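Remember, predicted model here, so these are calculated numbers, not experimental data.
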Amino acid sequence: MAKKKIKFIDLFAGIGGFHTAMHSVGGKCVFASEWDKNARISYEANYKSVEPLLFKKNKDDEYLYFNEDINDVKLEDIPNFDVCCAGFPCQPFSVAGLKKGFEDTRGTLFFNIANIVKSKIETGCPPRVLFLENVRGLKSHDNGRTLQVILATLDELGYDYSYEVLNAKYFGVPQNRERLFIIAWYKNIVDIESFRFPYGIAVDGTTIYDKKLLKEGILPTKVSDIFEPLETIDSSFTISDRMWEGHKARKERNRMNGKGFGYSLFTAESAYTSTISARYWKDGSEILIDQSEKGLNPRVLTPVEAGRLQGYHIVGNGWEYPNSGNVDNGSYIEYKIVVSKKEAYRQFGNSVAVPVIKKIAEEIVKQLM
């Protein structure tokens, strides 16, 4: 695929999942915003060599294009861009009654996205595409009102849109992770009726566009794809007897109360894990790795494994990215962990699954650019 220099901005950027994906299709990041201090440290450490101008500072040692608080950004300071990437927080809208859209978003973080886009339209430089991500629950959040307001806002701004829930387990990573994606395009520039979403990656590396084909022929995965060499994983990742007994007791209580919640245990041969979350650092309960063959309690993922579970290209110990024949490694960014173990777990749990974002980015280039 011929790469185009697409300028994009990265809002609510986290540790840069969108950046990695957009870079892989020839994108150039011209502005990023992230409020979390430790996420900013990770972001700069991993993307400064790729986009040094993004981290340029003025004479007062202030970043020009790496914004810390989206609420304080001066709209005129944001360079023009083609694509707006944003994995924005899901918030309810407090204004009573569904209006046209834009005004209803005031007081929420989505308003910041809409306001940036609106300002660019008013200056004659409308963004061509909006690439938005959120939790699956956005569809039903606040009885569906939240999504209604977002879509009404996009329409009011002059954008058509398509949205779909996609699952990372169909894109070559062993994680059952569903997220809602909204792709919007400026009607006066892009003349298409709908966006054709990719639903997964086939065994031969081609894109699956038909949901019916997901039951067979997808790129195979297993949890051990992400493992570090087992001999290098020290005993600190094996949970204590006390924690293991606590996990089992809690699961039994939940079962007795008719709840399905509790720890989840996986083996090296499991096709995928459950969804990793930002709380994984606390006790690892959603993804425990079975070690019963060794006579040991289960272990948690290492930070490196947590990153690989989200599709970050973290190498070391002779490891190569699984299914690398289907990954353009030349355009992938090799990711470095530069924060504490706790922060690494939090950051990867909050991140997007990079292979999903990358595949959507490829389709954006094909269909909308």
Side-chain angles (χ1 to χ4, degrees), residues 8-14 17-18 33 35 70-71 73 75 78 81-122 126-168 177-199 209 211 275 277-278 350 352-353 356-357 360-361 363-364 367-368:
F8 70 96
I9 64 172
D10 196 4
L11 306 181
F12 313 103
F18 274 101
S33 181
W35 71 271
I70 195 67
N71 292 300
V73 69
L75 297 177
I78 301 177
F81 56 91
D82 304 302
V83 180
C84 172
C85 300
F88 62 100
C90 184
Q91 295 173 290
F93 298 122
S94 59
V95 177
L98 185 62
K99 298 180 183 177
K100 183 64 177 174
F102 184 80
E103 291 302 318
D104 260 5
T105 68
R106 289 188 181 276
T108 72
L109 291 170
F110 182 77
F111 176 77
N112 299 103
I113 302 172
N115 209 28
I116 290 170
V117 172
K118 184 171 182 282
S119 72
K120 291 301 178 185
I121 294 172
E122 291 172 346
R128 190 179 184 94
V129 178
L130 311 182
F131 184 0
L132 311 178
E133 180 265 357
N134 214 296
V135 294
R136 175 177 180 159
L138 176 63
K139 289 180 69 175
S140 56
H141 191 253
D142 197 15
N143 294 316
R145 172 177 164 75
T146 302
L147 183 58
Q148 272 187 293
V149 174
I150 289 169
L151 298 179
T153 302
L154 296 177
D155 181 66
E156 183 182 352
L157 291 171
Y159 288 81
D160 271 339
Y161 52 81
S162 293
Y163 62 90
E164 188 62 87
V165 173
L166 302 179
N167 195 322
R177 186 183 191 89
E178 291 185 307
R179 289 295 183 266
L180 176 71
F181 295 92
I182 304 172
I183 304 299
W185 54 93
Y186 196 60
K187 287 182 281 189
N188 290 350
I189 299 177
V190 184
D191 184 21
I192 66 166
E193 291 186 3
S194 63
F195 179 75
R196 190 184 187 198
F197 274 97
Y199 290 109
Y209 297 102
K211 287 182 181 178
T275 303
S277 71
N350 276 328
V352 293
V356 183
I357 304 295
I360 298 174
E363 294 303 320
I364 286 174
Q367 301 179 42
L368 304 176

(request) Drop me the distance from I116's CD1 to I121's CD1, to the nearest 0.5 angstrom. (result) 12.0 Å
(request) List the atom of F12, the atom of L109, and the distance in Å for their closest heavy-atom pair. (result) CZ-O, 3.6 Å
(request) Check Q367 against S194 and note the closest heavy-atom contact, atom names and distance. (result) OE1-O, 4.4 Å
(message) As an exercise, state the distance from CD1 of I9 to SG of C84, rounded to the nearest 0.5 Å.
(response) 4.0 Å
(request) To the nearest 0.5 Å, tell me how far L157 CG sits from I113 CD1. (result) 11.0 Å
(message) If I compare all heavy atoms of I364 with all of I183, which pair ends up nearest, and what's the gap?
(response) CD1-CD1, 4.0 Å
(message) Counting C-beta onward and ignoring hydrogens, is there a side-chain heavy-atom pair between L130 and I182 closer than 4.5 Å?
(response) no
(message) Could you check whether any side-chain N or O of R128 sits under 3.5 Å from a backbone N or O of L368, counting only pairs where one atom can act as donor and the other as acceptor?
(response) yes
(message) In terms of relative ring orientation, are F110 and F88 parallel, tilted or perpendicular, with 30° and 60° separating the classes?
(response) tilted
(message) For F197 together with F195, are the ring centres under 6.0 Å from each other?
(response) yes
(request) State, to 0.1 Å, how close P198 and Y209 come at their nearest heavy-atom pair, and which atoms those are. (result) CA-CD2, 4.3 Å
(message) Is any side-chain heavy atom of Y163 closer than 4.5 Å to one of L154?
(response) no
(request) Check for a donor-acceptor pair, side chain of E133 on one end and backbone N or O of R179 on the other, with a separation under 3.5 Å. (result) no
(request) Could you pull out the closest heavy-atom pair between L138 and L147, with the gap in Å? (result) O-CB, 3.8 Å
(request) Answer whether the closest heavy-atom distance between the side chains of I189 and P126 falls below 4.5 Å. (result) yes
(message) Can you confirm whether more than 12 heavy atoms, excluding those of D191, are under 6.0 Å from its CG atom?
(response) no
(message) Between K187 and D155, does any NZ, NE, NH1 or NH2 come within less than 4.0 Å of an OD or OE carboxylate oxygen?
(response) yes
(request) Would you name the heavy atoms of N350 and A278 that are closest together and state the gap between them? (result) OD1-CB, 3.3 Å
(message) What's the separation between atom CD1 in I360 and atom CD in E164, rounded to the nearest 0.5 Å?
(response) 10.0 Å
(message) If the test is ring pair (Phe, Tyr, Trp, His ring centres under 6.0 Å), which one of F131, Y186, W185 qualifies with Y159?
(response) Y186
(message) Return the CG to CZ distance between N71 and F111, rounded to the nearest 0.5 Å.
(response) 10.0 Å
(request) Measure the NZ-CG distance between K118 and L75 for me, rounded to the nearest 0.5 Å. (result) 10.0 Å
(request) Compare all side-chain heavy atoms of E363 with those of R196 and state whether any distance is below 4.5 angstrom. (result) no
(message) Would you say that V129 contacts F8 through its side chain, given a criterion of any heavy-atom pair below 4.5 Å between the two side chains?
(response) no
